[in-house]
Amino acid sequence: MTGASSGIGDAVARRLAAEGTHLVVVARDQDRLDALAAELRDRHTVEVEVLAADLATEAGRAAVEVRLDDRHRPVDLLVNNAGFGTTGDLVDLDVDAEDQQVQVNVLAVLRLTHAALPGMVMRGRGAVVNVASLAGLYPTPGTATYGATKAFVCSLTDAVHEELRGTGVTATSVLPGFTRTEFQERANWRPQGYLPDAVWMTPDEVAAAALDGAAAGRARVVPGVAYKVLNGVTSPLPAGARRNLLGLTRRLGL
Ligand SMILES: NC(=O)c1ccc[n+]([C@@H]2O[C@H](COP(=O)([O-])OP(=O)(O)OC[C@H]3O[C@@H](n4cnc5c(N)ncnc54)[C@H](OP(=O)(O)O)[C@@H]3O)[C@@H](O)[C@H]2O)c1
């Protein structure tokens with residue numbers, strides 16, 4: 001489970017531990033992972049392994065790949081949740097931060113999924129849950145790289161879901177809308193007053209939908225009724241209309 005030190009990942013880890021699932025928790029912040037692990041071991045009598053790794057680095061990704069490949073300690077559920085965004089027009093942004101975003105949001109998801117699948121397929125059971133975003137369904141001016149990374153996650157997971165048919169293993173992407181976590185602050189994104197409370201989901205609501213969707217073997221999960229409706233209304237729009245609409249909201253500073 002990556003990105004377990006905060007937000008949606010923390011909520012997923014808590015739900016899994018409460019169900020009695022042993023965990024390997026991955027993120028950069030060792031102190032936060034250690035604190036989470038101690039609390040979950042204490043509360044739920046589960047084993048929680050801490051694996052501090054920076055998924056923006058080759059060494060960090062390799063450490064998690066090696067753990068996933070360990071046939072003596074099989075992992076039956078991989079949750080690729082670690083991720084971050086940046087805010088601003090691409091022309092103004094530091095390209096190194098955009099590059100890191102691709103490493104964490106794209107490359108780590110690809111490599112960890114690839115490392116987990118052979119053991120799962122061999123055992124005839126398992127699930128991969130990739131946390132994407134509704135931003136993966138549209139071009140997202142003002143956070144272009146982020147939307148593009150999440151589009152990759154949606155497409156990869158859909159394709160792998162189909163490839164896995166009949167194996168007993170499933171791949172599910174989760175497409176949350178606005179969720180109150182550290183994400184916005186880390187992305188240097190300041191939500192304006194126009195965003196009503198009703199649009200915000202809690203990390204636990206997203207975690208519950210993600211785990212339910214994975215248990216049901218679904219290809220895609222959009223948490224929350226309002227976001228399901230929004231997705232249903234906007235999906236049939238032609239790609240050009242969606243691009244223009246998102247471009248307009250950016251120009252209006254929304
Ligand atoms: N919040 C939203 O509105 C929203 C909406 C749609 C999708 N999402 C997606 O949901 C996922 C979880 O985000 P969140 O909202 O829970 O945000 P968050 O509270 O900022 O959590 C992000 C997690 O990712 C980890 N992470 C970031 N960079 C990392 C790196 N280089 N190596 C390893 N771990 C790294 C962080 O841990 P460390 O800092 O300890 O490394 C943290 O545990 C992300 O993929 C995000 O894109 C969020």
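Bear in mind the structure is a predicted one, so any value in this text is a computation, not a measurement. Indexing begins at 1, ligand by ligand and atom by atom, following the structure's order.
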Is a salt bridge present between [X] and [Y], judged by a nitrogen-to-oxygen distance below 4.0 Å?
X: R43; Y: E39; answer: yes
X: D204; Y: R14; answer: no
X: R67; Y: D69; answer: no

Test of understanding: given a 4.0 Å heavy-atom threshold, classify the contact between [X] and ligand 1 as side chain, backbone, both, or neither.
X: A132; value: backbone
X: Q184; value: side chain
X: K150; value: side chain
X: A53; value: backbone
X: L55; value: both
X: R186; value: side chain
X: F178; value: backbone

Are [X] and [Y] close enough that a side-chain donor and a side-chain acceptor fall under 3.5 Å?
X: N130; Y: T157; value: yes
X: D10; Y: S6; value: no
X: T145; Y: E98; value: yes
X: Q103; Y: D99; value: yes

(message) Tell me whether I8 has any N or O atom under 3.5 angstrom from an N or O of ligand 1.
(response) yes
(message) Distance under 4.0 Å to a non-hydrogen atom of P176: what atoms of ligand 1 satisfy this?
(response) 5 (C), 6 (C), 7 (C)
(message) I need the atoms of ligand 1 closer than 4.0 Å to a non-hydrogen atom of S133, numbered in the order shown.
(response) 6 (C), 7 (C)
(message) Regarding atom 46 (C) of ligand 1: of the candidates Y146, Y227, W200, which has the closest heavy atom?
(response) Y146
(request) Pick whichever of S6, G7, G3 has a heavy atom sitting closest to atom 18 (P) of ligand 1. (result) S6
Ligand 1 contacted by [X] (non-hydrogen, < 4.0 Å):
X: E185; result: no
X: G60; result: no
X: D54; result: yes

(message) If you define the side chain from C-beta out and look only at heavy atoms, does anything of V46 sit under 4.5 Å from T21?
(response) no
(message) Run E49 and L23 through side-chain contact (heavy atoms from CB on, under 4.5 Å) and show every step you take.
(response) CA-CA 6 Å; E49 199 180 317; L23 297 169; over 6 Å; no
